Amino acid sequence: MGIISLQMIDHSVSSLWWKSLVKHFIQAGDAFEIRCWKEELDEIRQASLYGNPTEDRNEVSVKGIVSAKLLAELLSDEPSDKSIYNKMTKYFTINVENERCFFCSAHYGTEMYLERVSDDDILFFESVINQYDDCFSVSIDK
């Protein structure tokens, strides 16, 4: 079992890599948590369609089970607000836990952390990311 850490360093890269990893590692039926800043009202409303929101100090956490509709949204969403980040997703943090791994997409998808991944999953990850020379800083611990 391995750990993968990724940080996007080329902020002009498209979201295709992110969507490939989401499609591979997340399935309907997985437990999720979406975290949004309190002022991200539209994102909180959207995430609340899929789970139950609770307020934290500066964030709102929405927890639930990944539905086919949520997965389809993640795979089709193209955030238009890219003034601060080249956002891969409109959600600040997406955590997903399943039998396969722990998946964390942070800072609007510009950082990713995968824990408990198999050797096959590491090979898949590398096949996706290797297409993007010098776009990411990656660490893989096997």
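Computed from a predicted structure; not experimentally measured.
Remark: of the listed residues L6, D120, N130, V117, L6 is the sole one forming a side-chain contact (heavy atoms from CB on, under 4.5 Å) with F125. Just one residue in the list E40, E59, E43, E55 forms a salt bridge (charged side-chain N to carboxylate O under 4.0 Å, His left out) with R35, and that residue is E59.
Judged by distance alone, with hydrogens and angles left aside, the side-chain atoms of S15 form no donor-acceptor pair with the main-chain N or O of W18 at under 3.5 Å. K38 places a side-chain N or O within donor-acceptor distance of the main-chain N or O of R57, the cut-off being under 3.5 Å. Side-chain atoms of N98 come within 3.5 Å of backbone N or O of F25 as a donor-acceptor pair.
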From CA spacing to verdict: side chain to side chain contact (heavy atoms under 4.5 Å, CB included), C101, D121:
CA-CA 9 Å; C101 69; D121 288 332; 5.6 Å; no

Pair Y108-Y91, ring pair (Phe, Tyr, Trp, His ring centres under 6.0 Å): steps then yes or no:
CA-CA 6 Å; Y108 305 103; Y91 300 118; 9.3 Å; no

So E97 and R116, salt bridge (Lys or Arg N to Asp or Glu O under 4.0 Å) or not? Walk me through it.
CA-CA 10 Å; E97 182 102 27; R116 301 187 335 258; 2.8 Å; yes

For the pair L71 and V22, evaluate side chain to side chain contact (heavy atoms under 4.5 Å, CB included) and give the outcome as yes or no after the intermediate values.
CA-CA 8 Å; L71 190 53; V22 166; 4.0 Å; yes

Determine whether E99 and Q27 satisfy the following criterion, side chain to side chain contact (heavy atoms under 4.5 Å, CB included), listing intermediate values before the conclusion.
CA-CA 11 Å; E99 293 177 10; Q27 300 173 16; over 6 Å; no

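Distance check: R45 CZ to C36 SG gives 11.0 Å after rounding to the nearest 0.5 Å. Between the CD1 atom of I4 and the CD atom of E115 there is a distance of 10.5 Å, given to the nearest 0.5 Å. How far CG of N52 is from OG of S61: 10.0 Å, rounded to the nearest 0.5 Å. Here the straight-line distance linking atom CG of L21 with atom CD1 of I26 works out to 9.5 Å at 0.5 Å rounding. With rounding to the nearest 0.5 angstrom, the CG atom of L74 is 13.5 Å from the CE atom of M88. Here OG of S118 is found 11.5 Å from CZ of F124. Values are rounded to the nearest 0.5 Å.
Using a 4.5 Å heavy-atom cutoff, the side chains of T54 and K63 are not in contact.
What you find for A68 and A28 is that their closest heavy atoms are N-CB, 4.0 Å. Closest of all the heavy-atom pairs between N86 and M8 is O-CE, 3.5 Å. Among all heavy-atom pairs drawn from I65 and A31, the shortest one is CD1-CA, 4.0 Å. W17 and G109 make their closest contact through CH2-O, 3.3 Å (heavy atoms, listed as atom of the first residue, atom of the second, distance). Closest approach of C104 to N95, counting heavy atoms only: SG-OD1, 3.2 Å. Nearest heavy-atom pair across F32 and V66 is CD2-N, 3.6 Å.
One hydrophobic cluster, built from ILVMFWY side chains closer than 4.5 Å, cannot hold both F92 and I94; they sit in different ones. Criterion: ILVMFWY side-chain heavy atoms under 4.5 Å apart, direct or through other members. Under it, F102 and I140 are not part of a common hydrophobic cluster. Under the 4.5 Å side-chain heavy-atom criterion for grouping Ile, Leu, Val, Met, Phe, Trp and Tyr, L16 is connected to V13 within one hydrophobic cluster. Clustering ILVMFWY residues whenever any of their side-chain heavy atoms sit less than 4.5 angstrom apart, transitively, puts L49 in the very cluster that holds V62.
Using modelled atom types and a 3.5 Å distance limit, the side chains of Y113 and E111 yield a donor-acceptor pair.
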